[in-house]
Amino acid sequence: MSRVIEDRLNQLQQLKALGIEPFPSVTFPTTHTTKEILEQWEKNPEAFNKVALAGRLMVKRVMGKASFGVLQDSWGRIQLYFNRDILCPGEDKTLYNTVFKKLIAHGDIIGVEGRVFKTKTGEITIEVQRFVLLAKALRPLPMPKEKDGKVWDAFTDPEQRYRRRYVDLIVNPHVREIFRKRAKIIQTIRNFLIQQGFLEVETPILQPIYGGANAKPFVTYHNALGMRLYLRIANELYLKRLIVGGYDAVFEFAKDFRNEGIDKYHNPEFTQLEFYVAYKDYRWMMDFIERLLEYTAKAVVGTTSVTFQNQTIDFKRPWKRVSFYESIQLYTGLDAYSADEATLRRYLEEQAIEVPAYASKGVMLDLLFSKKVEPHLIQPTIVYDYPVEMSPLAKQKVDDPTLTERFEVICSGKELCNAFSELNDPIEQRKRFEAQLQLRRLGDEEAMVMDEDFIQALEFGMPPTAGLGLGIDRLTMLLTDSPSIQEVLFFPQMRPKQKADEESELSRVIGEEAVVAQLEAIGIRRVEDLLAIEPSVLQEKLQHRNIVVDLNQIRDWIRFAKRHLAT
RNA sequence: GACCCGGUAGCUCAGCUGGUAGAGCAGUGGCCUUUUAAGCCAAAGGUCCUGGGUUCGAAUCCCAGCCGGGUCACCA
């Protein structure tokens with residue numbers, strides 16, 4: 001590797017010797033993109049006798065006094081033709097023989113000017129009359145080659161692709177396309193909502209009390225306030241406060257954070273759209289989400305029907321609708337509505353589904369549904385009327401208080417949306433939170449916690465409201481036929497490549513390696529040691545080693561250390 | 001978290017019945033003025049993930065660890 005970089009550094013020096021700056025401070029005005037040329041040249045070749053475009057040189061094939069290259073810009077690739085006597089009409093052939101042939105390499109970013117023509121073999125090509133180096137590449141790119149749809153030496157190792165996504169984006173054009181579609185999905189939904197009169201809002205990511213979903217949070221610490229904060233697991237409770245505040249319809253594309261495992265459907269941070277509409281209910285919301293997703297699919301892929309992992313999924317409305325208990329009846333034959341806890345537990349155990357000891361009826365129904373029903377629901381399906389036990393923020397049905405006005409959209413066997421008529425009765429909401437607290441006491445770490453301020457907000461009166469959460473990452477997977485969430489996130493979470501033990505527990509708490517080294521020198525090697533020493537003594541000892549630290553800083557470390565040990 | 005698979009040149013991979021480390025592409029030098037996975041000739045390129053162990057000798061066998069992927073578990 002170092003050899004290749006050495007060669008390139010060498011090229012760098014030689015360029016400078018020729019008076020060519022390898023990283024010039026210039027603009028390069030372009031007249032076209034690769035895509036425009038490829039699409040429009042046939043129709044009107046005369047208009048392409050003088051074009052300028054810039055991009056990365058992806059392929060360089062030198063054939064003596066003429067060469068071919070491939071230029072890649074943001075939109076695609078086009079072939080370049082370099083001819084010695086066109087580039088160097090006079091005696092001096094340095095520009096071609098030395099600069100182009102020796103010093104410009106695969107991966108360099110260049111600007112070219114020239115005329116568009118078609119080669120003998122029928123490929124639209126730019127005859128380069130002038131080129132400039134815009135930025136030198138010191139590292140070599142992987143070089144996949146492609147012919148007739150077959151790819152050789154593809155850059156496929158997921159680890160490398162995700163860790164160095166920029167390389168992935170350079171050499172795998174379809175990856176760039178996925179993220180363009182992701183952007184289009186978000187823009188389409190945003191425009192749709194704005195057109196319907198929604199207000200786009202932003203709510204806190206750092207929350208003193210986390211809520212709105214069943215999940216384990218990330219914990220952090222605010223030094224000045226001296227308090228624990230959580231990264232939000234949802235923004236639901238804040239958006240509903242805004243409905244209390246008098247907005248009719250609000251939405252937020254929210255990054256949420258959940259401290260759980262990572263797999264092909266889960267990343268610690270993910271994007272969820274939530275929106276709330278006053279004076280509507282979940283029936284209205286069913287129609288609305290059908291319209292929204294049908295419209296989005298059409299806008300992004302052109303049709304309502306998409307292919308996802310060899311399944312055809314059609315977002316054309318109306319979608320199938322089935323009640324929660326009917327769906328269970330359908331796939332298990334079980335009358336879960338009438339069944340008591342013991343019956344459910346027995347059934348689950350018979351099906352070899354692990355049931356936690358603390359499992360309430362709600363938890364068991366959830367298990368039953370996700371194991372036995374969800375996997376069968378491939379086409380977008382609205383499952384409605386969820387049991388109250390599993391829906392602590394949803395309004396009960398008037399004619400059956402064991403059920404709530406809640407529905408989920410299941411698609412390709414996975415939850416895509418979750419929606420309900422929002423519970424706006426503060427007294428009932430308090431009871432539901434208390435039931436959650438009880439679950440928590442029994443060992444359900446994902447049960448919700450009490451949010452007094454939210455209840456107080458409801459006490460001021462919230463209109464009847466319909467709300468919905470939509471997993472943007474999952475929707476993107478569906479609409480781009482991506483098999484994992486990592487494929488639709490630019491930078492999915494990865495373990496650091498360095499050996500984990502290179503960074504000690506202590507350095508995770510302290511953060512500054514220089515300080516850690518001195519701490520270790522005075523015998524503080526573990527987080528526990530930090531707690532055992534008096535802050536002022538530590539300050540003095542560090543001072544002897546020429547490290548001046550504020551006493552508050554040391555107290556922060558100790559707080560952090562305590563938190564670290566507690567988790 | 002459990003199990004399975006993988007980690008060898010910049011990239012894709014072979015070598016894994018232990019005996020001096022291989023190919024294609026990329027890179028380097030040379031030839032070639034419409035090629036396209038360009039071609040031909042030549043030379044070069046490596047902590048075989050890390051650390052231990054077995055052995056005269058380990059990329060190869062054993063143990064531990066790290067990183068990734070897959071399946072399952074938990075979750076959206």
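Below, chain A is the first sequence line, B the second, and so on; all start at residue 1. The analysis underlying the following values was restricted to heavy atoms, covering all of them including side chains, and did not include hydrogens, waters or symmetry mates.
- When both pairing distances are held under 3.5 Å, B:A2 makes a Watson-Crick or G-U pair with B:U71.
- The side chain of A:Q11 sits closest to B:U28 out of B:G70, B:G68, B:U28.
- A:N259 comes within 4.0 angstrom of no nucleic acid atom, judged by non-hydrogen atoms across all strands.
- Nucleic acid contact for A:F68: base, since at least one base atom lies under 4.0 Å from a heavy atom of the residue.
- In this entry the distance linking CG of A:D256 with P of B:A76 reads 12 Å, nearest Å.
- Comparing the C1' positions of B:C67 and B:U8 gives an interatomic distance of 16 Å, to the nearest angstrom.
- Taking the six-membered ring for Trp and the full ring otherwise, the centers of A:F82 and A:F100 sit less than 6.0 Å from each other.
- Atoms NZ (A:K102) and C1' (B:G27) sit 12 Å apart, rounded to a whole Å.
- Between B:A37 and A:K145, no contact under 4.0 Å exists linking OP1 or OP2 to a side-chain N or O.
- Within 4.0 Å of A:E446, counting heavy atoms only, lie sugar-phosphate atoms of the nucleic acid but no base atom.
- Pair check for B:A64 finds B:U50; Watson-Crick or G-U wobble, both atom distances under 3.5 Å.
- Residues passing the ring-ring contact (aromatic ring centres under 6.0 Å, His included) test with A:Y276, sequence neighbours excluded: none.
- On the P atoms, B:A64 is 12 Å away from B:C4, given to the nearest whole Å.
- A straight line from CZ of A:R164 to P of B:G68 spans 15 Å, rounded to a whole angstrom.
- Residues A:E269 and A:K255 are paired through a salt bridge, judged by an N-O separation under 4.0 Å between the basic side chain and the carboxylate.
- Pair assignment for B:U35 gives none, since no Watson-Crick or G-U wobble pairing has each distance under 3.5 Å.
- Taking atom P in both B:U35 and B:G29, one finds a spacing of 25 Å when rounded to whole Å.
- Rounded to the nearest Å, the gap between the C1' atom of B:G65 and that of B:A73 is 24 Å.
- Between A:D108 atom CG and B:A26 atom C1' the separation is 14 Å, expressed in whole Å.
- Summarising the geometry, the separation between CD on A:Q493 and P on B:C67 is reported as 13 Å, rounded to the nearest angstrom.
- Using a 4.0 Å cut-off between charged nitrogen and carboxylate oxygen, A:R321 and A:E290 count as a salt-bridge pair.
- Residue A:Q486 is out of contact with every strand shown, counting any heavy-atom pair closer than 4.0 Å.
- As judged by a 4.0 angstrom heavy-atom cut-off over every strand, A:M63 is placed among the base-contacting residues.
- Using a cut-off of 4.0 Å between Lys/Arg side-chain N and Asp/Glu carboxylate O, A:K361 and A:E389 are scored as not salt-bridged.
- Within 4.0 Å (heavy atoms only), A:Q160 reaches sugar-phosphate atoms of the nucleic acid but no base atom.
- Below the 3.5 angstrom threshold, one finds a donor paired with an acceptor across the side chain of A:D263 and the base of B:C74.
- Applying the salt bridge (charged side-chain N to carboxylate O under 4.0 Å, His left out) test to A:K136 and every residue at least two apart in sequence or in another chain returns A:D108.
- Each of A:D157 and A:K101 has a nearest nucleotide on RNA chain B; the 5'-most of these lies closest to A:D157.
- Only the P atoms considered, B:A42 is 13 Å distant from B:C25, to the nearest whole Å.
- Between A:R182 and A:D473, at least one side-chain N (NZ, or NE/NH1/NH2) sits under 4.0 Å from a carboxylate O, which counts as a salt bridge.
- By the 5.5 Å and 30° criteria, A:F270 is stacked with the base of B:A76.
- Rounded to whole angstrom, the span from the CG atom of A:D153 across to the P atom of B:G24 amounts to 12 Å.
- On a pure distance criterion of 3.5 Å, a polar donor-acceptor pair joins the side chain of A:N83 and the base of B:U33.
- Within the nucleic acid shown, A:V62 comes within 4.0 Å of at least one base atom, counting heavy atoms only.
- Defined by atom type and a distance below 3.5 Å, a donor-acceptor pair is missing between the side-chain atoms of A:S482 and A:E487.
- A:K65 has no side-chain polar atom (N or O) that falls below the 4.0 Å cut-off from OP1 or OP2 of B:U35.
- Distance from the side chain of A:E123 is smallest for B:U35 among the nucleotides B:U35, B:G27, B:U12.
- Which of B:A76, B:U33, B:G30 sits closest to the side chain of A:D85 comes down to B:U33.
- Residue contacts shown for A:A215 are absent, as no nucleic acid heavy atom lies under 4.0 Å away.
- In this structure, A:R163 pairs ionically with A:E159, as a charged nitrogen and a carboxylate oxygen lie closer than 4.0 Å.
- Among the protein residues, A:K60 comes within range of no part of the nucleic acid, since none of its heavy atoms lies under 4.0 Å from any strand.
- Across all strands, A:K216 comes closer than 4.0 Å to no nucleic acid atom at all (heavy-atom distances).
- Ion pairing between A:R176 and A:D168 fails under the 4.0 Å rule for side-chain N and carboxylate O.
- Taking the side chain of A:M143 as heavy atoms from C-beta on, and the options B:G69, B:A26, B:U34, the nearest nucleotide is B:A26.
- Going from atom CD1 of A:I124 over to atom C1' of B:U34 covers 15 Å, rounded to whole Å.
- Separating the P atom of B:A26 from that of B:A38 is a span of 7 Å, rounded to the nearest Å.
- Within the shown strands, nothing qualifies as a pairing partner of B:A14 under the Watson-Crick or G-U definition with both distances less than 3.5 Å.
- In this structure, A:K147 reaches the B:A37 phosphate: one of its side-chain N or O atoms is under 4.0 Å from OP1 or OP2.
- The side chain of A:R495 contributes an N or O atom lying less than 4.0 Å from OP1 or OP2 of B:C67.
- Checking A:A66 against A:A105, the closest nucleotide of RNA chain B that is more toward the 5' end is the one next to A:A105.
- As a whole-Å value, the separation of A:R84 CZ from B:U35 C1' is 18 Å.
- Scanning atom types as modelled, one donor and one acceptor separated by under 3.5 angstrom connect the side chain of A:Q79 and the base of B:U35.
- Taking every heavy atom of residues 362-371 of chain A and every atom of RNA chain B, pairs under 4.0 Å involve A:L367, A:K371, by number.
- Between A:R163 and B:G68, a side-chain N or O to OP1/OP2 separation shorter than 4.0 Å is present.
- Using a 4.0 Å cut-off between a side-chain N of Lys or Arg and a carboxylate O of Asp or Glu, A:E422 and A:K240 qualify as a salt bridge.
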